[in-house]
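Keep in mind that this is a model prediction, so the values were computed, not measured.
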Amino acid sequence: MKLRFVWIGKTRNAAIKKLIEEYIERARRFAPVEVSELRDRSDVGSDARKIIDKEGEEILARTSSDAFVVALDERGREMNSKRLAELIERHRLSGTKQITFVIGSHGGLSEEVKKRANLVLALSQMTLTHEFARVLLIEQVYRAFTIIHGLPYQK
């Protein structure tokens, strides 16, 4: 099963970028990982709705029709690390070819992306920067694999 992370904008903070790279490499011990950083869409004007809709079109254009899509949204369902591990393992065992995790821009995700998502997930009720949410998400996916494989990292 392949893991794909799709988000809007480049990771600019060097320390956060290093953490993302570290956890991506760790996760690659368990599954192929791909990251797609889509460009900010401020080129469509200053209308926030137009920006979100254009970003949503790009996200959907790069989302496989057979992927299990997890869209991150502050109003989504929360789950602990063990439940995330169970979700990933269930999809791995059932033959899901790809899980795609999507993080929108500061304006959020379009309704079309949320409708396409198989799961809308909240990392926390607290507000996180989008760059930090990337680190937290990838770390939790790596943690899920250590739980699945009974490795000591999760303790």
Colleague: Taking only residues two or more places apart in sequence, or in another chain, which ones meet K18 in a side chain to side chain contact (heavy atoms under 4.5 Å, CB included)?
Modeller: none
Colleague: If a pair satisfies ring pair (Phe, Tyr, Trp, His ring centres under 6.0 Å) and one of its residues is in residues 95-115, list it, with sequence neighbours excluded.
Modeller: F5-F101
Colleague: Could you report the tightest heavy-atom contact between M1 and I88, atom names first, then the distance?
Modeller: CE-CG2, 3.8 Å
Colleague: Suppose the criterion is side chain to side chain donor-acceptor pair (under 3.5 Å): which pairs have a residue in residues 120-129, not counting sequence neighbours?
Modeller: E78-Q125
Colleague: How would you list, by chain and number, every residue that makes a salt bridge (Lys or Arg N to Asp or Glu O under 4.0 Å) with D53, sequence neighbours excluded?
Modeller: R49
Colleague: Linking I/L/V/M/F/W/Y whenever any side-chain heavy atoms sit under 4.5 Å apart, do Y23 and L123 land together?
Modeller: yes
Colleague: Could you give all pairs that pass the salt bridge (charged side-chain N to carboxylate O under 4.0 Å, His left out) test and reach residues 90-113, with sequence neighbours left out?
Modeller: E89-R92, E111-K114
Colleague: Show the numbers, then the answer: is there a side-chain contact (heavy atoms from CB on, under 4.5 Å) between V113 and L60?
Modeller: CA-CA 7 Å; V113 171; L60 293 173; 4.0 Å; yes
Colleague: Show me the pairs that pass ring pair (Phe, Tyr, Trp, His ring centres under 6.0 Å) and involve residues 57-92, at least two apart or across chains.
Modeller: F68-H91
Colleague: Within this structure, what is the CD1-CG distance for the pair I138 and L19, rounded to the nearest 0.5 Å?
Modeller: 10.0 Å
Colleague: Side-chain contact test, heavy atoms from C-beta onward, threshold under 4.5 Å: evaluate it for N118 versus V70 and give yes or no.
Modeller: no
Colleague: Between the side chains of E37 and T11, is a donor N or O closer than 3.5 angstrom to an acceptor N or O?
Modeller: yes
Colleague: Tell me, do R4 and R62 make a side-chain contact under 4.5 Å, heavy atoms counted?
Modeller: yes
Colleague: Flag the pair N80 / L84 as yes when at least one side-chain heavy-atom distance between them is below 4.5 Å, and no otherwise.
Modeller: no
Colleague: If you look at every heavy atom in A117 and A71, which pair is closest and at what distance?
Modeller: CB-CB, 3.7 Å
Colleague: Is any side-chain heavy atom of M79 less than 4.5 Å from a side-chain heavy atom of L119?
Modeller: yes
Colleague: Are the side chains of L109 and I52 in contact, using a 4.5 Å heavy-atom criterion?
Modeller: no
Colleague: For the residue pair H130 and S105, establish whether any side-chain heavy-atom pair is separated by less than 4.5 Å.
Modeller: no
Colleague: Run the salt bridge (Lys or Arg N to Asp or Glu O under 4.0 Å) test against E74 and tell me which residues pass, sequence neighbours left out.
Modeller: none
Colleague: Roughly how far, to the nearest 0.5 Å, is CG of N13 from CZ of F132?
Modeller: 10.5 Å
Colleague: Any chance you could measure E131, atom CD, to K17, atom NZ, to the nearest 0.5 Å?
Modeller: 9.5 Å
Colleague: Could you give the distance from CG (L38) to NZ (K10), rounded to the nearest 0.5 Å?
Modeller: 9.5 Å
Colleague: Please test V6 against T63 for side-chain contact (heavy atoms from CB on, under 4.5 Å), starting from the C-alpha separation and ending with a verdict.
Modeller: CA-CA 9 Å; V6 178; T63 302; 5.5 Å; no
Colleague: Sequence neighbours left out, what passes salt bridge (Lys or Arg N to Asp or Glu O under 4.0 Å) with R77? Give chain and number order.
Modeller: none
Colleague: Is V120 reachable from L136 through a run of I, L, V, M, F, W or Y residues, each pair having side-chain heavy atoms under 4.5 Å apart?
Modeller: no
Colleague: Output all residues satisfying side chain to side chain contact (heavy atoms under 4.5 Å, CB included) with E57, sequence neighbours left out; order by chain, then residue number.
Modeller: K54
Colleague: Excluding sequence neighbours, so at least two apart, what forms side chain to side chain contact (heavy atoms under 4.5 Å, CB included) with A31?
Modeller: L3, F145
Colleague: Any heavy-atom pair between the side chains of R143 and T146 that's under 4.5 Å?
Modeller: yes
Colleague: Any idea which heavy atoms bring V33 and A27 closest together, and the distance?
Modeller: CG2-CB, 4.0 Å
Colleague: Of all residues at least two apart in sequence or in a different chain, which pass the side chain to side chain contact (heavy atoms under 4.5 Å, CB included) check with A67?
Modeller: S64, V69, Q98, T100, R116
Colleague: Under the salt bridge (Lys or Arg N to Asp or Glu O under 4.0 Å) rule, collect the residues that match up with K2, sequence neighbours excluded.
Modeller: E34
Colleague: Do E139 and Y153 have side-chain N/O donor and acceptor atoms under 3.5 Å apart?
Modeller: yes
Colleague: Here's a test for you: under side chain to side chain contact (heavy atoms under 4.5 Å, CB included), which of L137, V102, I103 qualifies with W7?
Modeller: I103
Colleague: If you count every heavy atom of other residues, nucleotides or ligands that lies below 6.0 Å from R28 atom CZ, does the total exceed 12?
Modeller: yes
